[in-house]
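Every number for a ligand or one of its atoms is a count from 1 in the order of the listing.
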Amino acid sequence: MNPTAFVTGGSRGIGLAIAEKLCKQGYDIAINGVRGEESVQEVLADLQSLGTNVIYCQGDIGSDEDRKRIVDKLKTEFGRLNVLVNNAGVAPKKRLDPLKASTESFDRLIRINLKGPYFLTQAIASWMVDQKKDVSDFEGSIINIGSISATVVSPDRGDYCISKAGLAMHNLVWAVRLAEYNIPVYEVRPGVIRTDMTSAVTEKYDKLIAEGLTIQPRWGTPDDVAKAVLALVRGDFPYSSGEVIMVDGGLTINRL
Ligand code: NDP
């Protein structure tokens with residue numbers, strides 16, 4: 001029987017790269033996104049061509065109802081789950097000076113980037129604990145895709161930074177809570193990664209990277225992040241629960 005993983009926001013970008021890596025590693029995979037299943041047929045077919053079972057769990061991770069429906073589907077279709085990757089996240093629709101920022105944007109970012117992963121983890125961690133009791137050799141892990149924005153301030157997207165700072169604490173809370181069950185929890189913290197999320201600010205980051213923003217002078221790729229996730233999932237960091245793995249090309253190294 002293949003091990004199984006659920007990657008939220010696995011339909012494109014970083015999440016899709018993670019799903020591909022896990023499929024190649026022999027995992028049955030569930031990916032998620034907000035678009036209808038008809039829009040992700042090609043993505044599903046590409047992943048399925050790698051040889052394992054791949055399903056789609058449509059739903060807004062920030063909605064209580066959708067999360068319940070997604071977990072029910074995972075239980076029905078897979079009946080077991082080894083890995084949860086909390087990857088889905090959104091940027092603010094508009095970057096705004098915090099002196100003028102809206103409560104709507106704040107609520108949206110906290111709901112999708114923080115409340116969603118927290119309560120999805122609650123549901124799936126409870127299920128993992130049950131599996132741990134029922135299956136003697138069960139191995140589970142939880143990976144949170146955070147952001148350098150947990151510590152690097154962008155005032156014009158304060159809501160995003162605050163949501164990712166909260167996610168960093170979420171990572172620690174679950175690492176502590178699940179330690180007695182030997183279910184490690186990690187945060188992978190990317191820097192500037194080339195995806196749809198950053199496509200609107202390509203020029204800005206091209207310039208900053210050329211000027212030395214990162215010590216490795218290039219954009220990060222979804223594959224850079226997926227490689228770190230794979231190392232964690234396959235158990236290469238067995239004594240490091242709660243840790244943050246930086247995938248930022250050295251952006252956060254203080255320099256003088
Ligand atoms: P993309 O915008 O490229 O992809 C976002 C993915 O999340 C899509 O699969 C999308 O689904 C899904 N999604 C969006 N909203 C929801 C929701 N409410 N419920 C469920 N799924 C949702 O993002 P990235 O790949 O760039 O980012 C992935 C993660 O990495 C995010 O958490 C982001 O904050 C983080 N990150 C990204 C960085 C970057 O530079 N790109 C840097 C640091 C962190 P659909 O296809 O249906 O729209």
Give the table of side-chain donor-acceptor pairs shorter than 3.5 Å for residues 174-184, with sequence neighbours excluded, one pair per line with atom names and distance.
from: Arg177; atom 1: NH1; to: Glu180; atom 2: OE2; distance (Å): 3.0

Extract all donor-acceptor atom pairs below 3.5 Å that involve side chains of residues 95-105 and protein atoms in other chains or at least two apart in sequence.
from: Asp97; atom 1: OD1; to: Leu99; atom 2: N; distance (Å): 2.7
from: Ser102; atom 1: OG; to: Ser105; atom 2: N; distance (Å): 3.1
from: Ser105; atom 1: OG; to: Asp159; atom 2: OD2; distance (Å): 2.6

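A salt bridge is defined here as a Lys NZ or Arg NE, NH1 or NH2 lying under 4.0 Å from an Asp or Glu carboxylate O, and Asp66 with Arg69 meets this definition. Salt bridge annotation for Asp64-Lys68: absent, with no cationic side-chain nitrogen under 4.0 angstrom from a carboxylate oxygen. With respect to the salt-bridge test (charged N to carboxylate O, under 4.0 angstrom), the residues Lys207 and Glu203 do not qualify.
Ligand 1 does not have Ser149 within reach: every non-hydrogen atom of the residue lies 4.0 Å or more from it. Note on ligand 1: Arg189 sits outside its first shell, no heavy atom being nearer than 4.0 Å. At least one heavy atom of Gly146 lies less than 4.0 angstrom from ligand 1. Using a non-hydrogen distance threshold of 4.0 Å, Thr8 does not register as a contact of ligand 1. Assignment of Pro222 to the shell around ligand 1 is not supported, since no heavy atom sits closer than 4.0 Å.
Only the side chain of Lys164 comes within contact range of ligand 1, with a heavy atom under 4.0 Å; no backbone atom does. Counting heavy atoms under 4.0 Å from ligand 1, residue Asp66 does not touch it at all. Counting heavy atoms closer than 4.0 Å to ligand 1, residue Asp196 contributes atoms from both its backbone and its side chain.
Between Asp248 and Thr214, the side chains place no donor N or O within less than 3.5 Å of an acceptor N or O (distance only, hydrogens not considered).
From Leu47, atom CG reaches atom CD of Glu42 across 11.5 Å, with rounding to the nearest 0.5 Å.
The single protein non-hydrogen atom nearest to atom 15 (N) of ligand 1 is Val90 CG1, 3.4 Å, given as residue, atom name and distance. Protein heavy atom nearest atom 13 (N) of ligand 1, with residue, atom name and distance: Ala88 CB, 4.2 Å. Of all protein heavy atoms, the one closest to atom 48 (O) of ligand 1 is Arg12 NH2, 2.9 Å. The protein non-hydrogen atom at the shortest distance from atom 7 (O) of ligand 1 is Gly9 CA, 3.5 Å. Counting protein heavy atoms only, atom 34 (O) of ligand 1 is closest to Tyr160 OH, 2.6 Å.
Summarising the contacts of atom 42 (C) of ligand 1 with Gly191, Ser147, Gly10, the nearest heavy atom is found in Gly191. Of the options Ala17, Gly89, Cys57, Gly15, the smallest heavy-atom separation from atom 5 (C) of ligand 1 is shown by Gly89.
Heavy atoms of other residues, nucleotides or ligands lying less than 6.0 angstrom from NZ of Lys93 number 12 at most.
Any N or O atom pair closer than 3.5 Å counts here, and Ile14 shares at least one such pair with ligand 1. Distances between N or O atoms of Ile61 and those of ligand 1 include at least one value under 3.5 Å.
Residue Gly33 approaches ligand 1 through these ligand atoms, each under 4.0 Å from one of its heavy atoms: 11 (O), 21 (N), 47 (O).
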